[in-house]
Every structure is written in structure tokens, then in C-alpha cells.
Amino acid sequence: MTAHPAETVHDALREEPCEDSWWMPGPDDFAACALSSSARTVAEARRFTRATLGNWRLCAGVTEDAALVVSELVSNALRHGVRAEEGGAPAFPDAPDGHGRGALARCRPAWLALTRQESTVLCAVSDAGTGTPVVRPRDPMAESGRGLHLVDRLSEAWGWTPPDGSGKTVWATVSLRDAGRM
């Protein structure tokens with residue numbers, strides 16, 4: 001698996017409802033989507049996941065589990081993995097914790113890829129970040145930090161590619177057999 005789509009993919013893409021995202025159709029077990037840098041990105045990724053898995057005629061439980069996993073992976077990519085294009089500034093400098101949404105327009109986009117395998121759906125999000133995912137200790141009072149716990153619970157396996165100069169890919173496999181096992 002490569003961390004980023006090939007340059008020739010652009011010719012096979014069609015427009016999505018959002019003007020700043022595009023996708024590669026996947027009737028044969030693969031689909032990819034360039035995620036926009038707008039506040040709608042997570043919702044777009046969920047919609048893309050549901051539409052793709054629906055077209056593959058997967059059951060509703062698998063589709064919803066995969067949509068939740070994708071939501072968490074995309075949220076983490078935008079919060080922790082996307083770098084600003086210029087100056088190395090944080091991608092989200094406006095929030096008190098450095099994770100605001102003010103610089104989203106200047107960020108490199110992330111990619112979402114879905115692959116149907118024999119017994120799983122592989123959900124993979126590539127971003128330009130070089131940091132690796134960190135599972136935080138459980139804290140019932142925390143306002144964030146539960147995403148990777150959800151990914152771990154809903155997926156058969158998850159992990160990431162070693163970061164390099166172009167970024168990394170965080171992936172999770174959702175079982176076609178154990179939907180809704182939380």
C-alpha cells in the first residue's frame with residue numbers, strides 16, 4: 001500500500017458536491033477521496049464512506065462502524081497531521097490549544113482510501129504530518145482524546161505507516177463479520 005495516490009489519479013476523478021474535494025470512483029473494491037480543508041471535511045468523509053460501502057452492498061452495521069472509524073481518523077489527521085504550507089506554522093493556530101480552524105485554507109489536504117478485502121474493509125487516511133498517533137490514557141472528564149480508543153474498539157486492527165518526508169498513513173480494518181461489537 002502506498003501512502004499517497006499516484007499523480008495520474010487526477011484524470012479519473014469526478015466532482016463531489018463540495019467544490020474543493022474530488023474522488024476516484026471505486027466499483028471494484030477501491031475508492032479514494034481527496035479531503036478538503038474546510039470545516040465540512042469530517043462530514044464529507046463520513047458521507048463518502050457511507051456512499052461507497054452502500055454501493056458495495058455492505059450491511060448497515062459495517063457501514064456505520066467504518067463511518068465512525070473514518071470520522072476519527074480524519075479528525076486526527078486534521079488536528080494532528082496536517083501541516084501548514086508555509087512557514088511550518090501549526091495547521092490550527094486559532095484555538096487556545098493550537099488546534100483552531102483558522103489556517104485550514106492554507107493546509108495540505110489529507111486523503112481517504114477505502115478498500116474492500118475478503119473479510120474486512122480497510123480505511124486509510126494519509127496526511128502530511130510526521131508524528132505518529134498516540135493513544136491517550138482514558139480520562140472520563142476529558143473533552144477529547146477518545147478517538148483512537150473508538151478506532152481500537154471498532155476495528156479488527158489498526159496502525160500507521162512509518163512517517164517520512166511526505167507524511168504517513170493511519171489505517172484501520174473493520175470486520176465484515178463483527179459489525180456493532182462495541
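Computation of the quantities below employed the complete heavy-atom set of this structure, encompassing side-chain atoms and omitting hydrogens, waters and symmetry-equivalent molecules.
- The distance from atom CG of Leu53 to atom SG of Cys123, rounded to the nearest 0.5 Å, is 7.0 Å.
- No donor-acceptor pair closer than 3.5 Å links the side chain of Asp152 to the backbone N or O of Ser155.
- Rounded to the nearest 0.5 angstrom, Arg46 CZ and Thr41 OG1 are separated by 11.0 Å.
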Kindly determine whether Leu73 and Trp158 satisfy side-chain contact (heavy atoms from CB on, under 4.5 Å), including the steps that lead there.
CA-CA 10 Å; Leu73 296 180; Trp158 73 276; 5.7 Å; no

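- Heavy-atom minimum distance, Ala113 versus Phe30: CB-CE1, 4.0 Å.
- Val135 has its side chain within reach of His149: a pair of non-hydrogen atoms, C-beta onward, lies under 4.5 Å apart.
- Under the rule for a side-chain hydrogen bond (donor to acceptor under 3.5 Å, both in side chains), Trp160 has no partner lying at least two apart in sequence or in another chain.
- Of all heavy-atom pairs spanning Leu58 and Arg116, the tightest one is CD2-CD, 4.1 Å.
- Checked options Thr132, Thr130, Asp127; the residue passing with Lys168 is Asp127 (criterion: side chain to side chain donor-acceptor pair (under 3.5 Å)).
- Annotation for Ser119 and Arg177: closest pair CB-NH1, 2.9 Å, computed over non-hydrogen atoms.
- Scanning for salt bridge (Lys or Arg N to Asp or Glu O under 4.0 Å) contacts around Arg50 gives Glu64, with sequence neighbours left out.
- Here the CH2-OG1 distance, from Trp56 to Thr63, works out to 10.0 Å after rounding to the nearest 0.5 Å.
- Among residues two or more places apart in sequence or in another chain, the side-chain contact (heavy atoms from CB on, under 4.5 Å) test is passed with Gln117 by Thr115, Thr120, Leu122, Thr173.
- Side-chain contact between Val134 and His80: absent, with no pair of heavy atoms (C-beta onward) separated by less than 4.5 Å.
- Of the possible donor and acceptor atoms, none in the side chain of Thr49 sits under 3.5 Å from a partner among the backbone N and O of Ala66.
- Smallest separation of non-hydrogen atoms from Gly129 and Pro163: O-CB, 4.5 Å.
- Side-chain contact between Leu35 and Phe48 is absent, with no heavy atoms from C-beta onward closer than 4.5 Å.
- In terms of heavy-atom proximity, Val62 sits nearest to Ser175 at CG2-O, 3.6 Å.
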What verdict does the side-chain contact (heavy atoms from CB on, under 4.5 Å) test give for Val70 and Leu114, after you've listed the backbone C-alpha separation in whole Å, the side-chain angles of each residue and the deciding distance to 0.1 Å?
CA-CA 9 Å; Val70 163; Leu114 302 169; 4.2 Å; yes

Under the side-chain contact (heavy atoms from CB on, under 4.5 Å) rule, what do Glu72 and Leu154 come out as? Steps first, then yes or no, please.
CA-CA 11 Å; Glu72 297 303 332; Leu154 291 172; over 6 Å; no

List the steps, then state whether side-chain contact (heavy atoms from CB on, under 4.5 Å) holds for Asn76 with Val170.
CA-CA 9 Å; Asn76 284 348; Val170 181; over 6 Å; no

